[in-house]
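See below for the structure under consideration.
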Protein chains: 2
Amino acid sequence: MQQQPPRVVVIGGGFAGLEAVRGLADAAVRVTLVDRANHHLFQPLLYQVATAGMAAPSIAMPLRRLLRRQRNAEVLMAEVAGIDADARRVTLAGGGSLDYDHLVVAAGAAHAYFGNDHWARYAPGLKTLDDALAIRRRILLAFECAEREHDAAARAHWLHFVVIGGGATGVELAGTLAEIARHTLAHEFRHFDAGSARVVLVEAGPRILAGYPEPLSDAARRQLESLGVEVRLDSPVTDVDAQGVALGESGRIDARTILWAAGVAASPLGSCLPGGRDRAGRVRVEPDLSLPGHPEISVAGDLATLEQDGEPVPGVAAAAKQMGAHVARAIRARLEGRAPPPFRYRDYGSMATIGRGRAIAVIAGRRLTGALAWWVWLFAHVLFLAGFRNRIVVLVDWAWAYVSWRRNARIILGAAPRAGTDEADAG
Amino acid sequence: MQQQPPRVVVIGGGFAGLEAVRGLADAAVRVTLVDRANHHLFQPLLYQVATAGMAAPSIAMPLRRLLRRQRNAEVLMAEVAGIDADARRVTLAGGGSLDYDHLVVAAGAAHAYFGNDHWARYAPGLKTLDDALAIRRRILLAFECAEREHDAAARAHWLHFVVIGGGATGVELAGTLAEIARHTLAHEFRHFDAGSARVVLVEAGPRILAGYPEPLSDAARRQLESLGVEVRLDSPVTDVDAQGVALGESGRIDARTILWAAGVAASPLGSCLPGGRDRAGRVRVEPDLSLPGHPEISVAGDLATLEQDGEPVPGVAAAAKQMGAHVARAIRARLEGRAPPPFRYRDYGSMATIGRGRAIAVIAGRRLTGALAWWVWLFAHVLFLAGFRNRIVVLVDWAWAYVSWRRNARIILGAAPRAGTDEADAG
């Protein structure tokens with residue numbers, strides 16, 4: 001009787017997990033990919049769904065579709081409840097379990113409120129497609145509520161937007177909000193000028209996009225300000241409620257719409273694993289990305305923390321993909337009795353977009369800002385979408401949006417709001 | 001002091017309401033369009049969103065966008081709570097009201113369970129984008145649950161689909177479900193053959209698409225059967241629950257996924273109006289579409305019922321558009337002191353699609369079936385989308401889907417299902 005090939009269970013169908021599965025296509029293993037969503041998400045464009053620029057399916061692809069031809073892989077849509085490293089078993093929420101010979105944990109990260117979970121209700125974060133649709137609904141409803149409001153002060157309150165957190169997501173959201181107000185919605189309302197909307201980006205630290213060289217952070221701030229965004233630096237948020245944001249001694253900003261882009265914490269699945277974790281809950285791994293003492297378990301993507309040349313490997317899509325590919329190589333090496341090589345992150349560059357024609361980038365050590373950086377960003381992201389079916393659709397959407405300032409997905413899903421209530425706050 | 005121009009309030013931004021607003025573009029009136037959604041919906045393709053063929057924004061367009069350049073029109077996203085015909089006032093849910101000189105009620109219809117509203121939980125209907133996304137989620141989750149299920153009988157149960165109602169929507173849904181199972185999902189599951197899914201279309205009457213000549217109904221049934229759909233005629237549904245559908249003496253069909261396409265009832269707003277209504281709640285109108293005794297109120301679209309040459313004007317998009325345009329003409333005539341002409345519906349043809357290369361149509365009295373009818377349907381619907389920004393995107397989506405059998409929007413939104421629970425039933 002033939003022996004069954006070893007079973008590899010991969011948790012998470014993001015960049016790292018998907019790359020790990022694909023890297024095992026020719027290996028003599030059975031792979032099971034478990035994800036609670038049915039789709040792989042192109043996370044770098046999630047803010048476009050949240051700001052009504054793209055439809056949800058444009059940046060998501062069914063995992064089954066992506067892995068259809070990989071005969072040694074199966075996909076299971078399920079939530080992982082726990083990991084028993086001693087028994088080598090993954091348990092699923094709602095019953096059932098999966099035994100493994102090799103485990104890849106690539107469950108990613110979620111937004112976090114650092115002990116202030118009650119802020120979530122007033123300041124939703126952005127990690128999933130559902131998050132994006134909820135934020136889209138909130139943004140669009142704010143303008144609709146302003147149109148229904150007769151009182152000038154109450155109307156202005158609806159037209160105040162605060163984005164908390166000056167990382168890439170916060171910068172993208174704030175810049176796009178300003179563009180929507182000043183361009184997309186121009187001439188569409190009869191009782192106010194959408195361009196009068198106020199967008200404030202609040203950052204606790206001394207500069208935005210702190211992962212970039214300081215001159216680029218300054219350039220990004222200036223580009224945001226040229227779009228009309230107020231940037232408040234050195235302003236840690238001390239409270240959030242339905243009416244606005246408190247900034248400790250720096251005062252308070254009234255706003256009906258508050259978005260959270262400040263904190264990221266590793267998936268709680270990290271705590272199911274033996275071994276050490278950093279302050280954000282990320283799992284410390286060996287140089288080959290395996291868990292100390294558990295060579296049969298690898299951790300990849302945003303859930304893993306690893307230093308390279310004294311610097312942490314950044315939590316970006318490119319690093320996650322490289323980690324996923326490395327984990328597949330390491331598993332194949334172990335199957336063949338070889339020692340897996342250490343992981344090395346190759347930084348091909350990084351970039352952040354601010355708005356149409358506005359971005360910053362570091363490509364092969366060269367610093368770019370403004371229109372050139374933006375074209376590089378646009379080109380890279382269209383290329384990055386390769387493999388996705390919607391490449392053409394994405395291009396058409398973008399090309400059209402570029403010419404017309406339109407947002408092609410300005411559709412509010414869910415019930416109608418009632419004037420005078422906080423229903424819009426419930427998102 | 002200059003007199004304010006008369007105020008026209010239009011309730012409903014569907015085909016009829018939108019056409020009425022547009023027809024008043026050059027009139028000396030102020031128009032307020034009230035809708036509880038922020039978008040106009042291209043209803044004939046709603047089944048495509050429900051069956052994951054198109055993204056929600058592809059068939060919807062913000063009403064503000066459509067009316068941006070019409071300076072005498074404003075859009076209010078709000079739900080109408082009541083109509084006081086004597087005071088000439090529309091009250092809004094959540095407070096506020098609108099006084100009118102002319103009122104156009106084009107609130108459309110919704111699906112109805114005819115006294116069995118508890119069936120809604122098990123057999124969702126399709127009228128709005130939210131309905132479509134809930135149905136999409138249910139269909140896709142059924143296949144995911146089947147993949148997780150180990151018991152053969154329970155798995156088969158997940159792969160049974162029943163569509164109730166043999167009108168255009170029911171036929172479209174059943175045909176597309178069969179295509180999804182046999183083509184789109186082929187080779188994507190490891191524990192069953194998606195092509196083994198069973199799709200049953202249940203119709204209470206003796207034939208499907210009863211509005212068409214009998215030979216076309218028969219052709220449609222044969223085309224559905226060639227796709228693998230079981231068509232059960234003369235089978236009124238007597239009960240619906242989480243496990244299946246009871247057909248009285250004809251027995252029972254077990255199924256975990258049941259869709260409702262059987263009943264339509266006029267918007268409850270019809271009951272706010274004085275005068276008579278038919279059994280489905282539609283408002284009886286004068287030949288010029290005004291309300292008897294209330295020339296300042298017009299009713300258009302699916303909410304109105306009117307006979308022409310002994311036949312009721314059908315509840316189709318073309319009739320709704322023509323009614324909306326007529327109402328605008330009638331209001332302009334009244335403003336100029338002329339008597340409004342009677343409405344005449346012009347039937348340019350009608351068509352129903354069944355699946356790729358399968359349809360029936362009556363065009364200028366000629367009957368078409370099969371591939372030719374389908375090409376006519378496809379061409380007409382692409383043309384019909386004119387004015388929508390997404391025409392190119394729609395064409396790309398369709399062209400690609402035609403070549404590849406793909407469904408481009410197979411994205412489940414909402415939380416993960418848990419095996420063994422009925423969570424999928426909760427939609």
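Quick note: numbers below take in every heavy atom, side chains included, and nothing from hydrogens, waters or symmetry partners. We name chains A, B, ... by the order of the sequence lines, and we start the count at 1 in each one.
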*To the nearest 0.5 Å, tell me how far B/Met77 CE sits from A/Arg148 CZ.*
9.5 Å

_Give the interface residues of residues 189-196 of chain B toward chain A, defined by a heavy-atom separation under 4.5 Å._
B/Phe189, B/Arg190, B/His191

_With salt bridge (charged side-chain N to carboxylate O under 4.0 Å, His left out) as the test, pick out the partner of A/Glu188 among B/Arg65, B/Arg64, B/Arg71, B/Arg69._
B/Arg65

*Could you tell me which non-hydrogen atom of A/Val75 sits nearest to which non-hydrogen atom of B/Glu147, and how far apart they are?*
O-CG, 4.0 Å

*Is atom CZ of B/Arg155 surrounded by more than 12 heavy atoms (other residues, nucleotides or ligands) closer than 6.0 Å?*
yes

*Rounded to the nearest 0.5 Å, how far apart are CG of B/Leu140 and NE2 of A/His39?*
11.5 Å

